[in-house]
Amino acid sequence: MITWNNLDTLEAFKNLSKAERVNIAEAMSGENGAERVKTYSTPMAEGLAYNYAAKQVDDKLLEDLQKLADEAQLTEKFEALYNGEVINTGEKRMVLHHLTRGQLGEAVNADGTDKRAFYKEQQQKIADFANKVHAGEITNAAGEKFTTVVQIGIGGSDLGPRAMYLALENWAKKNDTFKMEAKFISNVDPDDAAAVLYGIDVAHSIFILVSKSGTTLETLTNESFVKDALKNAGLDASKHMIAVTSETSPLAKSDDYLAAFFMDDYIGGRYSSTSAVGGAVLSLAFGPEVFERFLNGAAEEDRLGTEKDIRKNPAMLDALIGVYERNVLGYPSTAVLPYSQALSRFPAHLQQLDMESNGKCVNRFGERLDYVTGPVIFGEPGTNGQHSFYQLLHQGTDIIPLQFVGFKNNQMNTDVVIQGSTSQQKLCANVAAQIVAFACGKKDENRNKNFEGGRPSSIIIGEQLNPETLGALLSHFENKVMFQGFVWNVNSFDQEGVQLGKVLAKRVLAHETDGALKVLSDLMNI
Ligand SMILES: O=P(O)(O)OC[C@H]1O[C@H](O)[C@H](O)[C@@H](O)[C@@H]1O
């Protein structure tokens, strides 16, 4: 029997608040530190590992976190979710993104079909379509092959797929699976669409219109923008466009598209990278086999999410440490710092995933919460971030927990030895150095040069960023956010907070404004 309780009513949380604080600077120094780095590590899927040695935890605190996980019924709630319970209470929907990559529990039936079979069917249809495009069986009107794919979408219909594409682009080139270049148009700023259209050969481009709802203003505007460009080039837009949407959306039955592929209301936009939303662009860009490998990595990581023991469940452990940092230690934000250029847009994707899911001040029953929930997420790839905002991370007045991601090997296998070390070694040396610098600090008489240390971090380490490890990484964060939502007792699967701005913008465009909105509209020349 599952009960949904606020965090501050749980006995385990009250105990956690009383727990003695761990001094990371001490814990990470000398032999103790060496031992912690070896033991405070939990295997993830696909050879990844979640290392939390530099977090403010010890064995006693881990026991307390386990009690919190048990009392909050985290694995039971996950089980209810993947078995098809209506977890998204705000929108009265099931939450089924895990089914796009595997079957963790019972069959889930809805809309007269088995949902795992439905997602597989869509994946297969996309695979068949992509194979035909690659083989030149589906071509432009002149019978020539498409060379470029352009995704038109915003929010979850852009950020995840774009981050995943960039993560695998160079890997695919190196491994001879690169099929088509992908571009993305998201912003309603006309310069976004114009710049993409300017840089491509439209006659050999296929456009994927991605919108779950089929009603998003930015996406529909950009669709018209692209159709105009195709028309101006003397091309038939319907021969250059496919759609990814839900079967109930206005786009689903349109003749304007060469083909349509479907997801459904049980997959939130920010959780849709493993559905047709990510599947179409990634299968066209890299081939369906690469997309399948990405799904397998996510499925393997999902299975670890069912473990009750937090030391065997990296997403749950990461989630609980995050809750401790937020609700007991009072840290306001979290930086995501991938030491991998290919993950350049991964922090932007996690921003939506985390902040749109858990940026809530009412619980799943609509009651005001008396504790803080989701942190502010930001990040940049290292080492670039080091030369930018790390000053504040090292010596600022706020303590900001850090989530590093690093790989032992690069993707391109191209490297140079400069001053006795390769660039990859320099990259890896920097992430190791940062973890210790943040944790241990450095005493200096000159206060300006003093590093207090005590700044917590964790790192996910892997051999190489490839389709499987990327899938595992994505699943880790999706499940972390889900577990935190369970602990905070919020509904992580709706996003009412984005509606008000949309309504007011419509009013501005219809010139139905007064007061401050009217003056602002005039100032912006609308
Ligand atoms: O895929 P769509 O229905 O076009 O939605 C695109 C995005 O817009 C909305 O405003 C939400 O904030 C996002 O969660 C969603 O991913």
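Read the numbers this way: they start at 1 and go in the same order the structure lists the ligands and their atoms.
With respect to atom 5 (O) of ligand 1, the closest heavy atom belonging to the protein is Thr216 OG1, 3.5 Å. Distance from atom 14 (O) of ligand 1 to its nearest protein heavy atom, with residue and atom name: Glu356 OE1, 2.7 Å. Of the protein's non-hydrogen atoms, Gly156 N, 2.8 Å is the one closest to atom 16 (O) of ligand 1.
Close approach to Val498 involves these atoms of ligand 1, each under 4.0 Å from a residue heavy atom: 10 (O), 12 (O). In summary, the atoms of ligand 1 found under 4.0 Å from a heavy atom of Ile154, numbered by their order in the structure, are 6 (C), 7 (C).
The stretch residues 243-253 participates, sequence neighbours left out, in these side-chain hydrogen bond (donor to acceptor under 3.5 Å, both in side chains) pairs: Thr245-Ser249.
At least one heavy atom of Gln352 lies less than 4.0 angstrom from ligand 1. Under a 4.0 Å heavy-atom criterion, Lys502 is in contact with ligand 1.
Taking the centre and axis of the six-membered ring of Phe178, the NZ or CZ atom of Lys173 falls inside the cone set by 45° and 6.0 Å.
No N or O atom of Thr219 sits closer than 3.5 Å to an N or O atom of ligand 1. Some N or O of Ser157 is nearer than 3.5 Å to an N or O of ligand 1, by distance alone.
Taking the six-membered ring where the residue is Trp, Phe78 and Phe483 present perpendicular rings, their angle passing 60° and hence far from 30°.
Between Tyr339 and Phe407, the gap from one ring centroid to the other reaches at least 6.0 Å.
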Check against side chain to side chain contact (heavy atoms under 4.5 Å, CB included), Leu258 and Phe129: CA-CA 10 Å; Leu258 202 52; Phe129 181 84; 4.3 Å; yes
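Checking Gln122, Lys212, Lys115 one by one against Asp264, the side-chain hydrogen bond (donor to acceptor under 3.5 Å, both in side chains) holds for a single residue, Lys115.
Remark: Ile126 CD1 to Ile242 CD1 distance equals 7.5 Å, nearest 0.5 Å.
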